[in-house]
K.L.:
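Sharing a structure here in C-alpha coordinates format.
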Amino acid sequence: MQKKVGSFILRVIISHVNTDFDALASMIAAKKLYPDAVMAISDKQETKVKQFLNIYRDTIDYISDRYVEWEKVSELIIVDVASLRRIGAFMKDIDLSGVKITVIDHHPASEDDVEADFSQVEQVGAAVTLLLEKIEEKNITFSPFEATIFGLGIYTDTGFFTNDTTTVRDMKMAAFLMEHGMNIEMIQQFAEYALLPEQQKILNDLFVNMEQKTINGLQIVVSAASYDDFQNGLATITQKLLDITNVDAVITVVGMKNHVYV
(Lines give C-alpha, C1' and ligand atoms only; values in the text may rest on other atoms or scores of the structure.)
Protein backbone atom coordinates (compact mmCIF):
# COMPACT_ATOMS: atom_id res chain seq x y z
CA MET A 1 0.00 0.00 0.00
CA GLN A 2 1.50 3.36 -1.02
CA LYS A 3 0.53 6.49 0.89
CA LYS A 4 2.10 9.75 2.00
CA VAL A 5 3.43 9.87 5.52
CA GLY A 6 1.93 12.47 7.81
CA SER A 7 3.30 14.14 10.92
CA PHE A 8 2.15 11.24 13.13
CA ILE A 9 4.95 8.99 11.85
CA LEU A 10 7.89 8.77 14.24
CA ARG A 11 9.32 5.27 13.83
CA VAL A 12 10.50 4.01 10.41
CA ILE A 13 11.77 0.61 9.25
CA ILE A 14 14.10 0.72 6.25
CA SER A 15 16.65 -1.39 4.38
CA HIS A 16 19.02 -1.08 1.42
CA VAL A 17 18.39 0.00 -2.17
CA ASN A 18 17.97 -2.74 -4.79
CA THR A 19 15.70 -4.42 -2.27
CA ASP A 20 16.06 -8.20 -2.29
CA PHE A 21 13.85 -10.76 -0.56
CA ASP A 22 15.95 -10.83 2.60
CA ALA A 23 15.60 -7.05 2.92
CA LEU A 24 11.84 -7.24 2.29
CA ALA A 25 11.39 -10.17 4.68
CA SER A 26 13.49 -8.46 7.34
CA MET A 27 11.41 -5.28 7.13
CA ILE A 28 8.16 -7.22 7.44
CA ALA A 29 9.58 -9.20 10.37
CA ALA A 30 10.70 -5.94 12.02
CA LYS A 31 7.15 -4.64 11.55
CA LYS A 32 5.93 -7.62 13.64
CA LEU A 33 8.36 -6.58 16.40
CA TYR A 34 7.61 -2.85 16.06
CA PRO A 35 3.92 -2.78 15.01
CA ASP A 36 3.61 1.00 15.26
CA ALA A 37 6.49 1.55 12.81
CA VAL A 38 6.12 2.35 9.12
CA MET A 39 7.92 0.27 6.51
CA ALA A 40 9.66 2.46 3.91
CA ILE A 41 10.89 0.62 0.82
CA SER A 42 13.21 1.92 -1.89
CA ASP A 43 11.75 2.27 -5.38
CA LYS A 44 14.83 0.37 -6.61
CA GLN A 45 14.07 -3.32 -6.14
CA GLU A 46 15.41 -6.58 -7.52
CA THR A 47 13.28 -7.78 -10.43
CA LYS A 48 11.62 -10.68 -8.60
CA VAL A 49 10.86 -8.47 -5.58
CA LYS A 50 9.29 -5.88 -7.87
CA GLN A 51 7.15 -8.59 -9.47
CA PHE A 52 6.16 -9.91 -6.03
CA LEU A 53 5.15 -6.45 -4.78
CA ASN A 54 3.21 -5.74 -7.97
CA ILE A 55 1.10 -8.81 -7.24
CA TYR A 56 0.77 -8.48 -3.47
CA ARG A 57 1.06 -4.70 -2.96
CA ASP A 58 -2.40 -4.50 -1.35
CA THR A 59 -1.56 -7.12 1.28
CA ILE A 60 1.66 -5.49 2.51
CA ASP A 61 1.53 -2.21 4.42
CA TYR A 62 4.43 -0.10 3.16
CA ILE A 63 5.29 3.28 1.64
CA SER A 64 7.98 4.52 -0.71
CA ASP A 65 10.98 6.01 1.09
CA ARG A 66 10.36 9.13 -1.07
CA TYR A 67 7.31 9.94 1.05
CA VAL A 68 8.96 9.89 4.46
CA GLU A 69 9.13 13.29 6.16
CA TRP A 70 12.54 12.62 7.65
CA GLU A 71 12.60 15.70 9.86
CA LYS A 72 9.72 14.16 11.84
CA VAL A 73 11.34 10.73 12.35
CA SER A 74 12.54 10.02 15.89
CA GLU A 75 13.53 6.36 15.51
CA LEU A 76 15.06 4.42 12.63
CA ILE A 77 15.14 0.62 12.48
CA ILE A 78 17.64 -0.48 9.83
CA VAL A 79 17.62 -4.14 8.72
CA ASP A 80 19.85 -6.21 6.40
CA VAL A 81 22.28 -3.30 6.11
CA ALA A 82 24.38 -1.13 8.43
CA SER A 83 25.70 1.46 5.98
CA LEU A 84 23.60 4.60 5.45
CA ARG A 85 25.15 4.94 2.00
CA ARG A 86 23.51 1.67 0.92
CA ILE A 87 20.10 2.91 2.07
CA GLY A 88 20.27 5.69 -0.50
CA ALA A 89 22.17 8.79 -1.51
CA PHE A 90 19.48 10.95 0.12
CA MET A 91 20.59 9.80 3.58
CA LYS A 92 23.66 12.07 3.48
CA ASP A 93 21.38 15.12 3.61
CA ILE A 94 19.35 13.95 6.63
CA ASP A 95 20.14 15.07 10.17
CA LEU A 96 20.10 11.94 12.35
CA SER A 97 21.66 13.56 15.42
CA GLY A 98 18.45 13.25 17.45
CA VAL A 99 17.25 9.97 15.96
CA LYS A 100 17.40 6.67 17.85
CA ILE A 101 18.96 4.07 15.54
CA THR A 102 18.63 0.28 15.72
CA VAL A 103 20.59 -1.95 13.32
CA ILE A 104 19.93 -5.64 12.70
CA ASP A 105 22.25 -7.03 10.03
CA HIS A 106 24.23 -10.12 9.01
CA HIS A 107 27.01 -8.61 6.91
CA PRO A 108 30.59 -8.12 8.14
CA ALA A 109 31.19 -4.71 9.72
CA SER A 110 32.65 -1.93 7.56
CA GLU A 111 34.11 1.50 8.22
CA ASP A 112 31.05 3.38 6.96
CA ASP A 113 28.53 1.58 9.18
CA VAL A 114 26.22 3.93 11.05
CA GLU A 115 26.75 4.52 14.77
CA ALA A 116 23.70 2.87 16.32
CA ASP A 117 22.09 3.03 19.74
CA PHE A 118 21.46 -0.71 19.48
CA SER A 119 23.20 -3.01 17.03
CA GLN A 120 22.85 -6.75 16.44
CA VAL A 121 25.23 -7.84 13.70
CA GLU A 122 25.73 -11.59 13.48
CA GLN A 123 26.93 -13.49 10.44
CA VAL A 124 24.05 -15.84 9.77
CA GLY A 125 22.90 -16.71 6.26
CA ALA A 126 19.99 -14.25 6.20
CA ALA A 127 19.18 -11.16 8.23
CA VAL A 128 15.56 -12.25 8.64
CA THR A 129 16.82 -15.21 10.69
CA LEU A 130 17.86 -12.82 13.47
CA LEU A 131 14.44 -11.19 13.51
CA LEU A 132 12.60 -14.52 13.39
CA GLU A 133 14.50 -15.68 16.47
CA LYS A 134 13.08 -12.65 18.31
CA ILE A 135 9.58 -13.35 16.95
CA GLU A 136 9.79 -16.95 18.15
CA GLU A 137 11.12 -15.87 21.54
CA LYS A 138 8.28 -13.35 22.00
CA ASN A 139 5.69 -15.83 20.65
CA ILE A 140 4.43 -13.29 18.09
CA THR A 141 1.88 -14.67 15.66
CA PHE A 142 2.13 -14.36 11.87
CA SER A 143 0.21 -15.65 8.88
CA PRO A 144 1.24 -18.41 6.42
CA PHE A 145 1.67 -15.66 3.80
CA GLU A 146 4.10 -13.82 6.07
CA ALA A 147 5.86 -17.13 6.81
CA THR A 148 6.33 -17.56 3.05
CA ILE A 149 7.86 -14.08 2.68
CA PHE A 150 10.21 -14.81 5.60
CA GLY A 151 11.08 -18.09 3.88
CA LEU A 152 11.87 -16.28 0.63
CA GLY A 153 14.37 -14.18 2.58
CA ILE A 154 16.11 -17.22 4.03
CA TYR A 155 16.04 -19.40 0.90
CA THR A 156 17.27 -16.72 -1.50
CA ASP A 157 20.02 -15.34 0.73
CA THR A 158 21.35 -18.80 1.59
CA GLY A 159 21.01 -20.09 -1.99
CA PHE A 160 18.61 -22.78 -0.76
CA PHE A 161 21.10 -23.52 2.07
CA THR A 162 24.03 -24.06 -0.31
CA ASN A 163 25.96 -20.83 0.41
CA ASP A 164 28.86 -21.19 2.84
CA THR A 165 27.33 -18.44 5.00
CA THR A 166 24.40 -20.73 5.86
CA THR A 167 24.13 -21.62 9.54
CA VAL A 168 22.15 -24.04 11.67
CA ARG A 169 20.17 -21.02 12.89
CA ASP A 170 18.89 -20.38 9.34
CA MET A 171 17.80 -23.99 9.03
CA LYS A 172 16.06 -23.91 12.41
CA MET A 173 14.10 -20.83 11.40
CA ALA A 174 13.13 -22.46 8.08
CA ALA A 175 11.74 -25.41 10.05
CA PHE A 176 9.95 -22.93 12.33
CA LEU A 177 8.37 -21.34 9.25
CA MET A 178 7.33 -24.74 7.88
CA GLU A 179 5.43 -25.30 11.12
CA HIS A 180 3.61 -22.02 10.50
CA GLY A 181 2.41 -22.69 6.95
CA MET A 182 5.29 -21.55 4.72
CA ASN A 183 4.41 -22.22 1.06
CA ILE A 184 7.38 -23.97 -0.59
CA GLU A 185 5.74 -23.83 -4.04
CA MET A 186 5.51 -20.02 -3.88
CA ILE A 187 9.13 -19.84 -2.70
CA GLN A 188 10.25 -21.90 -5.68
CA GLN A 189 8.19 -19.67 -8.00
CA PHE A 190 9.80 -16.42 -6.88
CA ALA A 191 13.25 -17.72 -5.97
CA GLU A 192 13.89 -19.10 -9.46
CA TYR A 193 15.52 -16.38 -11.49
CA ALA A 194 15.84 -16.22 -15.28
CA LEU A 195 17.88 -13.27 -16.52
CA LEU A 196 16.17 -10.62 -18.61
CA PRO A 197 17.76 -9.96 -22.04
CA GLU A 198 19.39 -6.75 -20.74
CA GLN A 199 20.83 -8.64 -17.77
CA GLN A 200 22.06 -11.45 -20.00
CA LYS A 201 23.96 -8.87 -22.07
CA ILE A 202 25.69 -7.58 -18.93
CA LEU A 203 26.58 -11.15 -17.96
CA ASN A 204 28.03 -11.79 -21.42
CA ASP A 205 30.06 -8.57 -21.29
CA LEU A 206 31.40 -9.35 -17.84
CA PHE A 207 32.34 -12.86 -18.97
CA VAL A 208 34.28 -11.47 -21.94
CA ASN A 209 35.99 -8.78 -19.84
CA MET A 210 36.91 -10.92 -16.84
CA GLU A 211 40.44 -11.44 -15.54
CA GLN A 212 41.32 -14.35 -13.26
CA LYS A 213 43.82 -13.84 -10.47
CA THR A 214 45.31 -16.08 -7.78
CA ILE A 215 45.58 -14.42 -4.36
CA ASN A 216 46.77 -16.40 -1.34
CA GLY A 217 45.80 -19.59 -3.13
CA LEU A 218 42.29 -18.39 -3.98
CA GLN A 219 41.03 -18.15 -7.55
CA ILE A 220 39.35 -14.76 -7.98
CA VAL A 221 37.66 -13.33 -11.07
CA VAL A 222 37.51 -9.54 -11.52
CA SER A 223 35.44 -7.96 -14.29
CA ALA A 224 34.14 -4.53 -15.25
CA ALA A 225 31.67 -2.98 -17.67
CA SER A 226 29.87 0.33 -18.21
CA TYR A 227 26.39 1.28 -19.43
CA ASP A 228 24.37 4.44 -20.01
CA ASP A 229 21.25 3.10 -18.28
CA PHE A 230 20.58 1.50 -14.89
CA GLN A 231 19.73 -2.20 -14.83
CA ASN A 232 18.53 -4.12 -11.74
CA GLY A 233 19.96 -7.44 -10.65
CA LEU A 234 23.75 -6.96 -10.58
CA ALA A 235 24.03 -9.21 -7.51
CA THR A 236 22.23 -12.01 -9.35
CA ILE A 237 24.31 -11.44 -12.49
CA THR A 238 27.48 -11.66 -10.39
CA GLN A 239 26.21 -14.88 -8.79
CA LYS A 240 25.59 -16.31 -12.28
CA LEU A 241 29.17 -15.40 -13.24
CA LEU A 242 30.41 -17.15 -10.11
CA ASP A 243 28.43 -20.26 -11.06
CA ILE A 244 29.83 -20.21 -14.61
CA THR A 245 33.48 -19.71 -13.62
CA ASN A 246 33.43 -21.99 -10.54
CA VAL A 247 36.13 -19.91 -8.82
CA ASP A 248 36.36 -18.93 -5.14
CA ALA A 249 35.11 -15.37 -5.59
CA VAL A 250 33.90 -12.94 -8.24
CA ILE A 251 34.15 -9.13 -8.06
CA THR A 252 32.22 -7.06 -10.59
CA VAL A 253 32.54 -3.30 -11.09
CA VAL A 254 29.78 -1.86 -13.27
CA GLY A 255 29.13 1.75 -14.20
CA MET A 256 25.45 2.59 -14.72
CA LYS A 257 24.32 6.14 -15.43
CA ASN A 258 26.21 8.35 -12.97
CA HIS A 259 27.07 5.63 -10.45
CA VAL A 260 29.52 2.77 -10.10
CA TYR A 261 28.31 -0.44 -8.45
CA VAL A 262 30.65 -3.04 -6.96
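Since we're looking at a predicted model, the values are computed, not measured.
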K.L.:
Could you tell me whether the side chain of Lys100 reaches within less than 4.5 Å of the side chain of Ser74, counting heavy atoms only?
P.N.:
no
K.L.:
Hey, are Lys213 and Glu211 close enough for a salt bridge, meaning a charged N less than 4.0 Å from a carboxylate O?
P.N.:
yes
K.L.:
Do Phe21 and Phe52 have their ring centres less than 6.0 Å from each other?
P.N.:
yes
K.L.:
Strictly by modelled atom types, are Thr158 and Asp170 linked by a side-chain donor-acceptor pair under 3.5 Å?
P.N.:
no
K.L.:
Please test Gln199 against Thr236 for side chain to side chain donor-acceptor pair (under 3.5 Å), starting from the C-alpha separation and ending with a verdict.
P.N.:
CA-CA 9 Å; Gln199 295 169 327; Thr236 301; over 6 Å; no
K.L.:
So His180 and Thr141, do their side chains get closer than 4.5 Å, heavy atoms only?
P.N.:
no
K.L.:
Using 30° and 60° as the class limits, which term best fits the ring planes of Tyr56 and Phe145: parallel, tilted or perpendicular?
P.N.:
tilted
K.L.:
Counting N and O atoms only, with roles assigned by atom type, does the side chain of Asn54 sit under 3.5 Å from a partner on the main chain of Lys50, one being a donor and the other an acceptor?
P.N.:
yes
K.L.:
If a pair satisfies salt bridge (charged side-chain N to carboxylate O under 4.0 Å, His left out) and one of its residues is in residues 104-125, list it, with sequence neighbours excluded.
P.N.:
Arg85-Asp112, Glu122-Arg169
K.L.:
Keeping Ser26 on the side-chain end and Val79 on the backbone end, is there a donor-acceptor pair under 3.5 Å?
P.N.:
no
K.L.:
Would you say that Glu46 contacts Asn232 through its side chain, given a criterion of any heavy-atom pair below 4.5 Å between the two side chains?
P.N.:
no
K.L.:
Heavy-atom distance under 4.5 Å between the side chains of Asn18 and Phe230, does that happen here?
P.N.:
yes
K.L.:
Would you list the pairs meeting ring pair (Phe, Tyr, Trp, His ring centres under 6.0 Å) in which at least one residue belongs to residues 94-113, sequence neighbours left out?
P.N.:
none
K.L.:
Mind jotting down which residue pairs meet the salt bridge (charged side-chain N to carboxylate O under 4.0 Å, His left out) criterion with at least one end in residues 86-96? Sequence neighbours excluded, please.
P.N.:
none
K.L.:
Is there any ring pair (Phe, Tyr, Trp, His ring centres under 6.0 Å) pair reaching into residues 205-228, and which pairs are they, with sequence neighbours excluded?
P.N.:
none
K.L.:
Return all side-chain donor-acceptor pairs below 3.5 angstrom for residues 250-262, not counting sequence neighbours, or 'none' if the list is empty.
P.N.:
| unit_1 | atom_1 | unit_2 | atom_2 | d |
| --- | --- | --- | --- | --- |
| Thr252 | OG1 | Thr238 | OG1 | 2.8 |

K.L.:
Walk me through whether Phe176 and Phe142 qualify under ring pair (Phe, Tyr, Trp, His ring centres under 6.0 Å).
P.N.:
CA-CA 12 Å; Phe176 172 60; Phe142 53 90; 5.6 Å; yes
K.L.:
Check Lys201 with Glu198, please: is the shortest side-chain N to carboxylate O separation under 4.0 Å?
P.N.:
no
K.L.:
Using the salt bridge (charged side-chain N to carboxylate O under 4.0 Å, His left out) rule, collect all pairs that involve residues 140-153, keeping only residues at least two apart or in two chains.
P.N.:
Lys32-Glu146
K.L.:
Applying side chain to side chain contact (heavy atoms under 4.5 Å, CB included) between Thr148 and each of Ile187, Leu177, Ile184, report the one that passes.
P.N.:
Ile187
